[in-house]
Every structure is written in structure tokens, then in C-alpha cells.
> 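Here it is, the structure, as C-alpha cells.
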Amino acid sequence: MQFDDVILGRRSIRGYKPDPVPRALIEEIIGLAMRAPSSMNTQPWNFYVITGEPLDKIRAGNTERMVSGVPQSREFRTGQAFEGAHRDRQVGVAKQLFSAMGIAREDKEMRQDWVLRGFRQFDAPVCVIVTYDRVLDGSDDTPFDCGAVTTALVNAAWSRGLGAVINSQGIMQSPVVREHAGIADDQVIMKSIALGWPDETFPANAVVSERKAVAEASVFVGFDD
């Protein structure tokens, strides 16, 4: 693919084929992603790539604890609930997804099932947990760098025919994730990425989220025009 094809064509994938993803392909994708810039070349990121039984145990433990009311224990700060334009965009993409899936506003059962899919990493065959070195906890540059490498990873995956969605639902219960992924104590769990071959028959996979215009997002200073 050309660069523009990847950037303009990529979309979040929430439905996957059960087919396994070769380890060599994932290693290739991670290698590409790690060319992302980082502050003073610190490269704070690490990746725990999980599939098979360990991933099934994470799905089960994460879901069971969330459904039973165990408070979420995400390790990277969650911040405040979105308001204003940010909340509007959040609601907007949810409406797009629910419409594609035929989930009515009053259908509480289907809405709950959709939430549970997130806790299960959207049933993807692979989950990539992005962590950063705990010694850098509190650095503003570190999450910025991890965001860069995560973006690079999902774009690299798309260029190889794989789909992905960046999410936090799958790591809400960090003790479960740590136990079954074998995450070292010197790492902070930041994000998770569901990864696999897109199921083109899954309606939500056709959703393309709306983006605000360049004119809305940009301020140009010192230009003649």
C-alpha cells in the first residue's frame, strides 16, 4: 500500500476472523512500529503479545470481574469523563456503530453485549498490551511516545492486511492481565490493541468515524495567505 492508502483507508476493526496470525508477521509489524519517534530516543515502550489460552483467561477474568462489579483498576490514569465537543464525538461514533449493528437505543441487552465485546478484546485472536518502563512514570513525554508507537503499529498492521482497534476495556482489570500475560513489575500497563484478520461480514467494521476539518483543528501563523 501507498502511505496515503494506509492512513485514509485504516479504520478500527471490532469483528475478527478466528484465523491465527503468524508470529513472524507480528514481529515484522512491531519492528516497523518501533521506527516511531520518541523523546530523545528513550523508546519507553514494550509489548506483550498474547494469544491462545492466556488470552482466553484474560478475556474471562476481565469480563467476570467487571460484570460482578469489581472496580476497574487501569494503571494509566483515566482522566475525567468527556464533555462538550469531545463528548459529542464520543456519542457520534457510538451512534454510527449501533446503527451499523442494528442496536436500538432501548435494547439494553444488545448494548450490554456490545460492552462485553470490548472486555473480551472484541474476540480478536491476538492482543498486544503496550506497557512502558515504570521508572519513567510521571513523564509527560512517555505517554506521548507510547501513543506514537501505538499509532504506528495499527497503521503497519493495516498495511499488511490486518485489522486492529486500540482500546482500554480489555485491560480494565490489571491484576488479571498481569497474571496471565506475565507482565513484569517494572512495567506500567498503558493500552491494549486487539489484532487479527478483519471479518468483512461484521457490520461495524464498515464504520468510518468522522473527522473534524483541518480548518477547525489548525491555526496557521505567518503565512501570506
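Keep in mind it's a predicted model, so treat the numbers as computed, not measured.
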> Minimum heavy-atom separation for Y48 and A184, please, with both atom names.
OH-N, 3.2 Å

> Ignoring hydrogens, what is the shortest heavy-atom contact between N167 and A194? Give both atom names and the distance.
ND2-N, 3.9 Å

> Decide, yes or no, whether a salt bridge links R65 with E179 under the criterion of side-chain N to carboxylate O below 4.0 Å.
no

> Indicate if V177 and F76 have the same hydrophobic cluster label, given that clusters are the connected sets of ILVMFWY residues with side-chain heavy-atom separations under 4.5 angstrom.
no

> Could you grab the distance from atom CG of N155 to atom CD1 of I29, nearest 0.5 Å is fine?
11.0 Å

> Roughly how far, to the nearest 0.5 Å, is CD of E27 from CG of L32?
12.5 Å

> Indicate the ring-plane relationship of F223 and F220, choosing parallel, tilted or perpendicular according to the 30° and 60° boundaries.
perpendicular

> Charged N to carboxylate O under 4.0 angstrom, E75 versus R178?
yes

> Does the side-chain contact (heavy atoms from CB on, under 4.5 Å) test come out yes or no for R59 and F119, once each step is laid out?
CA-CA 7 Å; R59 294 192 222 275; F119 296 149; over 6 Å; no

> Quick check: are there more than 12 heavy atoms from other residues, nucleotides or ligands sitting under 6.0 Å from CZ of R134?
yes

> Could you walk me through whether F47 and M34 pass side-chain contact (heavy atoms from CB on, under 4.5 Å), step by step?
CA-CA 11 Å; F47 310 92; M34 290 199 299; 3.8 Å; yes

> With rounding to the nearest 0.5 Å, note down the distance linking CE in M172 to CD1 in I189.
12.5 Å

> Atom CD1 in I166, atom OG in S192: separation rounded to 0.5 Å?
9.5 Å

> Quick check on the hydrophobic clustering: are L97 and M110 connected, directly or via other members, by side-chain heavy-atom contacts under 4.5 Å?
yes

> Indicate, with yes or no, if I58 and I171 share a hydrophobic cluster defined by side-chain heavy-atom contacts under 4.5 Å among Ile, Leu, Val, Met, Phe, Trp and Tyr.
yes

> Would you kindly say whether E200 and N205 are connected by a side-chain donor-acceptor distance under 3.5 Å?
no

> Determine the sole option in R14, K17, R117 for which the salt bridge (charged side-chain N to carboxylate O under 4.0 Å, His left out) test with D123 is passed.
R117

> Please list, chain by chain and in numerical order, all residues satisfying side chain to side chain contact (heavy atoms under 4.5 Å, CB included) with D137, sequence neighbours excluded.
Y132, V188

> When you look at I193 and V165, which way does the side-chain contact (heavy atoms from CB on, under 4.5 Å) test go after all the steps?
CA-CA 6 Å; I193 305 169; V165 61; over 6 Å; no

> With sequence neighbours left out, which residue pairs that include part of residues 143-164 fulfil the ring-ring contact (aromatic ring centres under 6.0 Å, His included) condition?
none

> Is there a donor-acceptor pair closer than 3.5 Å between any side-chain N or O of T51 and the backbone N or O of C127?
no

> Please report the closest heavy-atom contact between A100 and P203, naming both atoms and the distance.
O-CB, 3.2 Å

> Is there a path of hydrophobic side-chain contacts, each under 4.5 Å between heavy atoms of I/L/V/M/F/W/Y residues, joining V21 to V49?
yes

> Is the shortest distance from a Lys or Arg side-chain nitrogen in E210 or K95 to a carboxylate oxygen in the other one below 4.0 Å?
no

> Tell me, with the steps shown, if T131 and I129 meet side-chain contact (heavy atoms from CB on, under 4.5 Å).
CA-CA 6 Å; T131 70; I129 305 294; 4.0 Å; yes

> I'd like to know if the side chain of N62 reaches the main chain of S174, judged simply by a donor and an acceptor atom lying under 3.5 Å from each other, with no hydrogens or angles considered.
no

> Between W197 and P22, what is the shortest heavy-atom contact and its length?
CZ2-CD, 4.2 Å

> Under 3.5 Å, is there a donor-acceptor pair between the side chain of Q173 and the main chain of V70?
yes

> Is it true that the side chains of D141 and S39 contain a donor and an acceptor less than 3.5 Å apart?
yes

> What distance do R111 atom CZ and E106 atom CD have between them, rounded to the nearest 0.5 Å?
8.5 Å

> Give the minimum heavy-atom separation between T142 and P44, together with the two atoms involved.
CG2-CB, 3.9 Å

> Other residues, nucleotides and ligands only: do more than 12 of their heavy atoms fall within 6.0 Å of CD on E216?
yes

> To the nearest 0.5 Å, what is the distance between OG (S159) and CD (Q2)?
11.5 Å

> Looking only at side-chain N and O atoms, does S209 offer a donor or acceptor that is under 3.5 Å from a partner on Q96?
no

> With no hydrogens and no angle check, do the side chains of N41 and Q43 hold a donor and an acceptor under 3.5 Å apart?
yes

> CG of D186: more than 12 outside heavy atoms within 6.0 angstrom?
yes

> Closest heavy-atom contact between S168 and K191?
OG-NZ, 2.8 Å

> May I ask whether V128 and L55 are part of the same hydrophobic cluster, defined by side-chain heavy atoms of I, L, V, M, F, W, Y residues being less than 4.5 angstrom apart, directly or through others?
no

> Do any N or O atoms from the side chain of D199 and from the backbone of T201 form a donor-acceptor pair under 3.5 angstrom?
yes

